[in-house]
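Just so it is clear, the structure is predicted and the values come from calculations on it, not from any experiment. In what follows, every chain begins at residue 1, and chains take the letters A, B, ... in the order their sequences are listed.
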Protein chains: 2
Amino acid sequence: MSSVTINDVARHAGVSKKTVSRVINNEINVSEETRTKVMAVIHQLGFKRNPLGMALAKNRSLFIALLADNPSPGYLQKLQKGILQCCSEEHMGLFLYDCNYRSPTLVYEIEEFIDNTLADGLILVPPLSDKQELLDMLQRKRVRYIRIGPKDQDSDDCVSFNGVKAAYEMTQYLLRLHHKDIAFVLGHPDQESSHRCERGFRNAIADAGIALNEQLLVQGYYTHQSGVDAAATLLNRTPRPTAILAANDEMAVGVLYEAHRRGIKIPEELSVCGIDDISLTTKVWPNLTSMRQPINAIGYRAAFKLIKKLKGEVAASNDSGADIFDCELIVRESTSQPGR
Amino acid sequence: MSSVTINDVARHAGVSKKTVSRVINNEINVSEETRTKVMAVIHQLGFKRNPLGMALAKNRSLFIALLADNPSPGYLQKLQKGILQCCSEEHMGLFLYDCNYRSPTLVYEIEEFIDNTLADGLILVPPLSDKQELLDMLQRKRVRYIRIGPKDQDSDDCVSFNGVKAAYEMTQYLLRLHHKDIAFVLGHPDQESSHRCERGFRNAIADAGIALNEQLLVQGYYTHQSGVDAAATLLNRTPRPTAILAANDEMAVGVLYEAHRRGIKIPEELSVCGIDDISLTTKVWPNLTSMRQPINAIGYRAAFKLIKKLKGEVAASNDSGADIFDCELIVRESTSQPGR
DNA sequence: ATGCAAATTGACACCGGTGTCAATTTGCAT
DNA sequence: ATGCAAATTGACACCGGTGTCAATTTGCAT
């Protein structure tokens, strides 16, 4: 390897290594003259700080990790992309860890993961972000975290998405198309986002002055298969709903499948739409109408907040950027007026 | 934090910290008595070695990273899953890095990533695994790597998939169904796997004694859109092929889309199949017939080999497990005899 | 009991950084 | 020129481990 160390720089610049350390860390008490001289040597020698040495001395690795156990691979993938982009810009490594939300030893496993990597910042994806037992452990270990879309929106460690509005507007859109029997496939009951969507859906129906038929609400779990199952239930009802809105795209694609299997024409005989706008929406036929959630931006934002937090640059007044992201209706091929 | 250090253990056990270090590292020259005593203290105190201290002293972080820029998200996702499982078992952290294969500064960016994380082992996914310039840099930096599915199969740092056989057998399957006009959508010309599949396809056609119509080979790039485009070209030809085999599922799903858009019934009027068996195959309608590549196992195997390599336990005679994985035909709903 | 090689153990320096605190230098008022 | 506070700098110890090498202990033949 023979990489350049802080000692090499110190020797070449004729200063102590502590002074070089000061320059690297942008500390204030360094004369302009010294700073310039040291910077010149740093560039000349191509010095790069060894993150391990720093981590050991500071007792902070500055490594961050993404903890996930999410049933929608497309969602996770986009989130990951956004996070990675931020990490890349900030010269930060991202560890990945696959959890099993249902594991009885989940918290212990995560603790072990942290001990193995010394990650000192975590990004938590639902449903992990709502697990109090996990949050307690992290607090105890002084591991920082940012939660994606969790329950209480008021705290400063969250980045989330306006799920109520997303479902509300999507339902409004279907109502505008003159659909009356609109069914809704719920997400996983453990995840707050599912309840938010449900609220949006109910509000929209109520605001339109329609009495909601509770039969049209079916439990799902955010997985493809649960979408298929929910569709099977709904498509057996009489009268059959003319539109099905699923709480995420993964399930909406499941609905699409079951409808196709029964020979139901989409969108002529059934409108189908989802929420999230994952890449799957433009792969299936017909392309799925969805409510875009800026997943990339959410991931980027979460990573950004976490990194700033770790670096101590506490997101202050100059911290532009909201932590609750808005949605956008993307009309594609899977929705139309009923009976056409 | 106040974690237990090697010094604490040494004090409690009444030995030097070097001896504790010997016990931790399973070195031979430690008396049974001492080893037992130290182990007891380790368990009693809940000591865990600090990986950063070790990394600094040994100049080896034992961190590994997955470098990827693959056009099929489903493929990457499965691979990632397999890798993570192995990492978890081996108590190893996995860094993630998104590359842009087309970036002119790719190698430099990767070098910077390594400097930032000090990863000393890498898993390279196609098309990265064939980039000689990158391999040279890694060699120079003494960074170990395992390549997934690269060009030269003879070297010991590869884990790959029998693409020739996969395409050969899939084509045979279509021939058995009495298809005559079988089209093939090629993968990205920069990736060896594409050429392997092409060879398999050509061999199968030749072995069946059929003169291949070169018009039925269309260039793709492993992406969904390239599958759509290839299908558009193929479905305009007269006579129209009765079956389309794509070099990966991502493209096959694109073919499916284009066929649906044109109102072509699948599989009655057109059989479609792919290679890889990613999760997408069971989400689209109809479910896609595919040649299963044990992507999970490949990922696991790659991580396993890399970790053993880093830990110095050079995969020797006791290293069971092949490095070229075999395929398996998974017949689903998208293929049938022509004209039915 | 003695001698000797082999096995076991520990002292010390080091990996590449940072924190503390004292020493030195600077800049300004007098 | 002198005095003094503030700014700048460096010596040293330390973060949590491992490598080297010499010192000590053990086990066995004599």
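To the nearest angstrom, P of C:dG17 lies 14 Å from CG of B:Leu52. If you measure from atom CZ of A:Arg11 to atom C1' of C:dG16, you get 13 Å, rounded to the nearest angstrom. Rounded to an integer number of Å, the gap from CE of A:Met54 to P of C:dG17 is 10 Å. Between the CZ atom of B:Arg35 and the P atom of C:dA7 there is a distance of 14 Å, given to the nearest Å. Distance A:Ile42 CD1 to C:dG17 C1': 13 Å, rounded to the nearest Å. Rounded to a whole Å, the CD atom of B:Glu27 is 9 Å from the C1' atom of D:dG19. At whole-Å resolution of the value, CG in A:Leu56 and C1' in C:dC15 are 9 Å apart. Taking atom CG of residue A:Asp120 and atom P of nucleotide D:dC15, one finds them 18 Å apart after rounding to whole Å.
Here B:Phe161 and B:Phe325 keep their ring centres 6.0 angstrom or further from each other.
Comparing A:Lys17 and A:Glu32 along DNA chain D, the residue whose closest nucleotide (by nearest heavy atom) sits nearer the 5' end is A:Glu32. Of the residues near DNA chain C, B:Ser16 and B:Ala57, the one whose nearest nucleotide (by heavy atom distance) lies more toward the 5' end is B:Ser16.
Considering only the side chain of A:Thr34, D:dT8 comes nearest among C:dG19, D:dT8, C:dC21. Of the candidates C:dT9, D:dG10, C:dG16, C:dG16 carries the atom nearest the A:Thr5 side chain, counting heavy atoms from C-beta on.
For the pair A:Asp120 and A:Leu62, the tightest heavy-atom approach, listed with the atom from each and the gap, is OD1-N, 3.1 Å.
In terms of phosphate contacts, B:Ser31 brings a side-chain nitrogen or oxygen within less than 4.0 Å of OP1 or OP2 of C:dT9. Contact annotation: A:Thr19 side-chain N/O to D:dG10 OP1/OP2 distance is under 4.0 Å. The side chain of A:Ser21 places an N or O atom within less than 4.0 Å of a non-bridging phosphate oxygen (OP1 or OP2) of C:dT18. In this structure, A:Arg49 reaches the C:dT18 phosphate: one of its side-chain N or O atoms is under 4.0 Å from OP1 or OP2.
Pair assignment for D:dT30 gives C:dA1, based on Watson-Crick or G-U wobble hydrogen-bonding distances that are each under 3.5 Å. In a base pair of the Watson-Crick type (N1 to N3 plus N6-O4 or O6-N4) or a G-U wobble (N1-O2 and O6-N3), with each distance short of 3.5 Å, D:dA22 is matched with C:dT9. With a cut-off of 3.5 Å on both Watson-Crick or G-U wobble distances, the partner of C:dC14 is given as D:dG17.
In this structure, the side chains of B:Ser160 and B:Ile148 stay at 4.5 Å or more apart for every pair of heavy atoms.
Within 4.0 Å of A:Asn29, counting heavy atoms only, lies at least one base atom of the nucleic acid. Across all strands shown, B:Asn25 has heavy atoms under 4.0 Å from sugar-phosphate atoms exclusively, and none from any base. Across all strands, A:Arg22 comes closer than 4.0 Å to base atoms (heavy-atom distances).
Between atom CD of residue A:Gln77 and atom OG of residue A:Ser72 there is a gap of 9.5 Å, rounded to the nearest 0.5 Å.
Contacts classified as side-chain hydrogen bond (donor to acceptor under 3.5 Å, both in side chains) and involving residues 35-55 of chain A (residues at least two apart or in different chains) are given here: A:Asn25-A:Arg49, A:Lys48-B:Asp115.
In the interface, the side chain of A:Lys58 is not paired with the base of C:dG19 through any donor and acceptor atom under 3.5 Å apart. Scanning atom types as modelled, one donor and one acceptor separated by under 3.5 angstrom connect the side chain of A:Lys18 and the base of C:dG19.
A:Phe95 and B:Phe95 have parallel rings, their planes meeting at less than 30° on a 0 to 90° scale where 60° marks the start of perpendicular.
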